[in-house]
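Side chains are part of it too, since the values below use all heavy atoms of this structure and drop only hydrogens, waters and symmetry mates. Since we're looking at a predicted model, the values are computed, not measured.
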Amino acid sequence: MSTTSPQAALELEHVSKRFRNGVLALDDVSWSIEVGARACLLGPNGAGKSTSIRLLEGALGPTRGRVALLGAAVGSPEYLAARRRTGIVPQGPGMYDDLTTREYLTLVQRLAGRGSVDEVLRAFSLDEYADTRLAQLSGGYQRRLVLAAALLPEPDLLLLDEPTVGLDPVASHHVHEYLRAEMQGRTTLLCTHNLAEAEALCDEVIILQNGKVLLHEPLATLKNRTHRQLRLAARQGAEALSRALTERGLEPTGGENGHVLVPIADVETEAPPLLRALLGAGLDVYECSPVEVSLESVFLDVVQMDE
């Protein structure tokens, strides 16, 4: 039975990829992303993320299965047209060092057949570097230029492979600002090791492990399903607070700076009576707040559970 959708912008259907050295990078993988979705592709090193991206780009062919971009199967006569509607930010810049910024963008414009070089120079604040050779640009401006080149043809789809890798926090912040604006209304697949980046930019999660899909869900659904916690602190200290919680059948764990963490299924219904009980027992509770579930904690739980 096919797992793909007629509205899918990206599809891998029963895809396996084995390299000549015998390594099985993907093992009967199936997933699809609908038009307009912003998905992140996550996984430990060797999970199959980069292989998936290279298959979608047409840089690799699958050993078995079907890979499609905007409805066109990789290798089909229609794929080239789909590829031209796709903006790609590779992990490595892959630039021509002797070209200037304007020359590089002009080359991209000619290959794509559309887009305005002047407009994209202004949009990415590259005007003053228009005549600078690419070898002389800083790492942050090189990544900015690669992003500008990907968006110059006004693509329907974005494939982003580690777009902020190697950048300092300031440069990463600027790239995130551009991405946040440009991803609106565009189907996007972000491949990254930066879980905070994925959480900030995406609303759908695909986690790979050992060449297989562990899960593919909306981020909000994944967080709601994850075990929630309540952070508590009392003037009497963590030990007294933990003892009182244990007497009520709960299993507290130590937090930082004298705080205690306790699992809780529903904050709205369970926290108020718990707080009243602790206060009634003579504990001076001065903090009671839900712990925000992060993508990092969800990712680690899923991967470690599989291991």
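Residue Gln142 holds its CD atom at 11.0 Å from CD of Gln136, rounded to the nearest 0.5 Å. Expressed to the nearest 0.5 Å, how far CG of Leu41 lies from CG of Leu160 amounts to 11.5 Å. Distance OG/Ser32 to CG/Leu12: 9.5 Å, rounded to 0.5 Å. Expressed to the nearest 0.5 Å, how far NZ of Lys212 lies from OG of Ser30 amounts to 10.0 Å. Rounded to the nearest 0.5 angstrom, Glu199 CD and Leu295 CG are separated by 5.0 Å. How far CZ of Arg186 is from CG of Leu179: 11.0 Å, rounded to the nearest 0.5 Å.
A donor-acceptor contact shorter than 3.5 Å links the side chain of Thr187 to the backbone of Gly36. Under the 3.5 Å distance criterion, the side-chain polar atoms of Gln236 are matched with a main-chain donor or acceptor of Gly282. The backbone N or O of Val117 sits nowhere less than 3.5 Å from a side-chain atom of Gln109 that would complete a donor-acceptor pair. Proximity of a side-chain donor or acceptor of Arg143 to a complementary backbone N or O of Gly139 within less than 3.5 Å is not detected. Listed for the Thr192 side chain is no donor-acceptor partner under 3.5 Å among the backbone atoms of Ala198. A donor-acceptor pair under 3.5 Å links the side-chain atoms of Arg114 to the main chain of Pro153, judged by distance alone. Checking side-chain atoms of Lys17 against main-chain N and O of Gly61 turns up a donor-acceptor pair under 3.5 Å. Judged by distance alone, the side chain of Gln209 and the main-chain N or O of Pro44 form no donor-acceptor pair under 3.5 Å. Judged by distance alone, with hydrogens and angles left aside, the side-chain atoms of Tyr129 form no donor-acceptor pair with the main-chain N or O of Tyr141 at under 3.5 Å.
Residues Leu147 and Pro163 form no side-chain contact, since every pair of their non-hydrogen atoms from C-beta on lies 4.5 Å or further apart. Residues Tyr178 and Leu151 fail the side-chain proximity criterion, which asks for heavy atoms closer than 4.5 Å. Using a 4.5 Å heavy-atom cutoff, the side chains of Arg83 and Ile88 are in contact. Cys40 has its side chain within reach of Val205: a pair of non-hydrogen atoms, C-beta onward, lies under 4.5 Å apart. Within the 4.5 Å cutoff, side-chain heavy atoms of Ile33 are placed close to those of Ile206. Here the side chains of Leu26 and Leu55 are in contact, with some heavy-atom distance below 4.5 Å. Annotation: side chain of Leu157 is not in contact with side chain of Leu189 (no heavy-atom distance under 4.5 Å). Taking 4.5 Å as the limit, every side-chain heavy atom of Asp98 sits out of range of all side-chain heavy atoms of Glu103.
The heavy-atom pair separating Ala171 from Gly140 by the smallest distance is CB-CA, 4.0 Å. Scanning both residues, Phe19 and Ala25, for their nearest heavy atoms gives CE1-CB, 3.5 Å. The shortest heavy-atom contact between Val108 and Ala149 is CG1-O, 3.6 Å. Closest approach of Asp118 and Arg102 over heavy atoms only: OD1-NH1, 2.9 Å.
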What do the steps show when you test Thr101 against Leu134 for side-chain contact (heavy atoms from CB on, under 4.5 Å), and what is the final call?
-> CA-CA 6 Å; Thr101 297; Leu134 305 191; 3.9 Å; yes
Report the C-alpha distance between Leu105 and Leu145 in whole Å, list the side-chain angles of each, state the deciding distance to 0.1 Å, and finish with yes or no for side-chain contact (heavy atoms from CB on, under 4.5 Å).
-> CA-CA 8 Å; Leu105 291 174; Leu145 176 57; 3.7 Å; yes
Please test Val165 against Asn194 for side-chain contact (heavy atoms from CB on, under 4.5 Å), starting from the C-alpha separation and ending with a verdict.
-> CA-CA 9 Å; Val165 65; Asn194 187 331; over 6 Å; no
Which is it for Leu232 and Leu245 under the side-chain contact (heavy atoms from CB on, under 4.5 Å) test, yes or no, and what are the steps along the way?
-> CA-CA 10 Å; Leu232 296 161; Leu245 291 167; 3.9 Å; yes
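Under a hydrophobic-cluster definition in which Ile, Leu, Val, Met, Phe, Trp and Tyr are linked whenever side-chain heavy atoms come within less than 4.5 Å, directly or via other members, Val35 and Val67 are assigned to different clusters. Placement of Leu208 and Leu24 in two distinct hydrophobic clusters is found when ILVMFWY residues are connected by side-chain heavy-atom separations under 4.5 Å, directly or transitively.
Residue Glu270 forms a side-chain contact (heavy atoms from CB on, under 4.5 Å) with just one option from Leu250, Leu230, Ile264, and that option is Ile264.
Note on ring orientation: taking the six-membered ring where Trp is involved, the planes of Tyr104 and Tyr96 are tilted (angle from 30° to 60°). Aromatic ring pairs are classed by plane angle as parallel below 30°, tilted from 30° to 60° and perpendicular above 60°; the pair His216 and Trp31 is perpendicular.
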